[in-house]
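Please read the structure below before turning to the comments.
Everything quoted here is computed from the prediction, not taken from an experiment.
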Amino acid sequence: MQRVMITGAGGFVGRHVVAALGDDFEIVTPHQGNCRVNLLDPGAPRKVVERAKPDLLIHLAWETEHGRFWTAPSNTLWQTASSELFQAFFECGGVRAVGLGSCAEYDWTNGSGIFAEDAPLAPHTPYGVAKVATSNILREAAQRHSRSHAWGRVFFSFGIGEPTGRLIPLMLKAVLDQTPLDIGPASTVRDFWDVRDLGASIAALALSDVSGPVNLGSGEGISFGDLARMIESIAGVDNLIHPDRRPLGAGEPVSLVPDISKLRRDVSLKPQYNMHRAITEYLRAFRQG
């Protein structure tokens, strides 16, 4: 049975990766049993790899506090810890490593707002800078040891368990509480997809032989205006979410949507949850508390 180490396995995304892998793999984590390891502690990445001896590594752990992660000093700490983790993994006989990146790696000022994996990288935040550096570290470590690797660039996921300050939970709370909510420009386009599909895509990528960067998203952008109207329609309310009442943040692009040709062609993964279904189920869970 293949032994898979997943860092961040208990997080918002990680638990869906574990669910997607199912019972066909032996899953190990840095927090298994009585041995709870902080990967940011010096030497911890090597200790946990030497103890677990995994064949496959899926590295998800990172700073995730909503709003803070963009500029958190811990981004550089995670970059260092990730470097130690990848190096130890390959030195201990690991076969394939998959890391999790972000659309924040791309140059948001470049092109039409639709990003393929070969689009220019020019991150606007410390988070994006650290992710680009970590991607390079993984590629170089894999090449040095003649091992397999992939790097998933995540766009925008949503679902039960995400931070309540993010856009979609704020919208759902507004329609349920019938409290007006001001949001950014109606024309802003983002690729939102269900976190269950994201978890499945990461698992599928890890089990494939695809190498290099792979965009992870639905490939279908939706405007803030259309998203607001969809949520209001599902909830049976009207005119509670008000686009165009807030500006985009400095440096934020109007459109941020992935080209997922590589995901579709090489990983052969199709999203299972369209936007309407995912929002309907999410709203139902919100109502149930």
Side-chain angles (χ1 to χ4, degrees), residues 10-17 19-20 64-70 102-104 108 112-115 154-202 215-258 260 269-289:
F12 172 56
V13 176
R15 64 178 183 270
H16 295 287
V17 178
T64 59
E65 184 177 342
H66 177 65
R68 182 178 184 274
F69 73 90
W70 292 111
S102 168
C103 60
W108 289 347
S112 65
I114 300 176
F115 297 84
V154 178
F155 278 67
F156 299 90
S157 62
F158 68 94
I160 297 167
E162 71 180 301
T164 56
R166 292 170 69 174
L167 181 62
I168 290 181
L170 287 174
M171 288 179 159
L172 298 182
K173 188 175 188 304
V175 298
L176 290 179
D177 293 348
Q178 299 199 19
T179 303
L181 175 68
D182 296 340
I183 64 171
S187 60
T188 305
V189 176
R190 296 290 183 266
D191 184 317
F192 293 102
W193 70 331
D194 192 290
V195 68
R196 293 169 290 186
D197 278 330
L198 173 57
S201 75
I202 294 169
N215 284 336
L216 302 179
S218 72
E220 298 179 3
I222 185 171
S223 71
F224 283 8
D226 288 345
L227 177 60
R229 301 294 82 79
M230 176 188 291
I231 290 175
E232 289 181 337
S233 175
I234 293 170
V237 301
D238 187 49
N239 199 35
L240 282 173
I241 303 172
H242 302 140
D244 298 319
R245 299 284 181 89
R246 291 185 177 181
L248 282 176
E252 287 190 61
V254 173
S255 177
L256 195 49
V257 177
I260 61 166
L269 185 88
K270 295 182 179 179
Q272 299 300 306
Y273 300 91
N274 65 43
M275 195 69 178
H276 193 279
R277 174 187 174 186
I279 291 292
T280 300
E281 293 179 359
Y282 197 1
L283 185 64
R284 185 182 304 124
F286 248 71
R287 283 196 173 110
Q288 294 171 349

Counterpart residues, side-chain contact (heavy atoms from CB on, under 4.5 Å), relative to [X] (two or more places apart):
| X | answer |
| --- | --- |
| Pro169 | Glu162, Arg166, Tyr282, Phe286 |
| Val175 | Ile231, Glu232, Ala235, Val237, Ile241, Leu283 |
| Val13 | Val17, Val195, Leu198, Ile202 |
| Glu281 | Arg196, Tyr273, Arg277, Arg284 |

Ignoring hydrogens and geometry, is there a side-chain-to-backbone donor-acceptor pair from [X] to [Y] under 3.5 Å?
| X | Y | answer |
| --- | --- | --- |
| Asp197 | Ser218 | no |
| His66 | Gly165 | yes |
| Trp193 | Glu220 | no |
| Thr280 | His276 | yes |

Considering all heavy atoms, the nearest [X]-[Y] contact:
| X | Y | result |
| --- | --- | --- |
| Leu256 | Cys103 | CD2-SG, 3.9 Å |
| Leu248 | Pro253 | CD1-O, 3.7 Å |
| Ile168 | Phe192 | CD1-CD2, 3.9 Å |
| Phe12 | Ile160 | CE1-O, 3.6 Å |
| Gly251 | Trp108 | O-CE3, 3.4 Å |
| Ile279 | Phe158 | CD1-CE1, 3.8 Å |

What residues, two or more places apart in sequence or in another chain, satisfy ring pair (Phe, Tyr, Trp, His ring centres under 6.0 Å) together with Phe69?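 For Phe69, the residues satisfying ring pair (Phe, Tyr, Trp, His ring centres under 6.0 Å) (neighbours in sequence not counted) are Tyr127.
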Report the C-alpha distance between Met230 and Ile222 in whole Å, list the side-chain angles of each, state the deciding distance to 0.1 Å, and finish with yes or no for side-chain contact (heavy atoms from CB on, under 4.5 Å). CA-CA 10 Å; Met230 176 188 291; Ile222 185 171; 4.1 Å; yes
So do the side chains of Val154 and Ser102 get within less than 4.5 Å of each other, counting heavy atoms only?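 When only atoms from C-beta onward are counted, Ser102 and Val154 do not touch, as no gap falls below 4.5 Å.
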First locate atom CZ of Arg190, then atom OG of Ser255, and finally report the distance between them rounded to the nearest 0.5 Å.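 With rounding to 0.5 Å, CZ (Arg190) is 7.5 Å from OG (Ser255).
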To the nearest 0.5 angstrom, please state how far the CG atom of Asn215 sits from the CZ atom of Phe115.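 It comes to 10.0 Å.
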What donor-acceptor contacts under 3.5 angstrom involve side-chain atoms of residues 176-187, with partners at least two apart or in another chain?
residue: Asp177; atom: OD2; partner: Lys173; partner atom: NZ; Å: 2.7
residue: Thr179; atom: OG1; partner: Asp177; partner atom: O; Å: 3.4
residue: Asp182; atom: OD1; partner: Arg245; partner atom: NH1; Å: 3.3

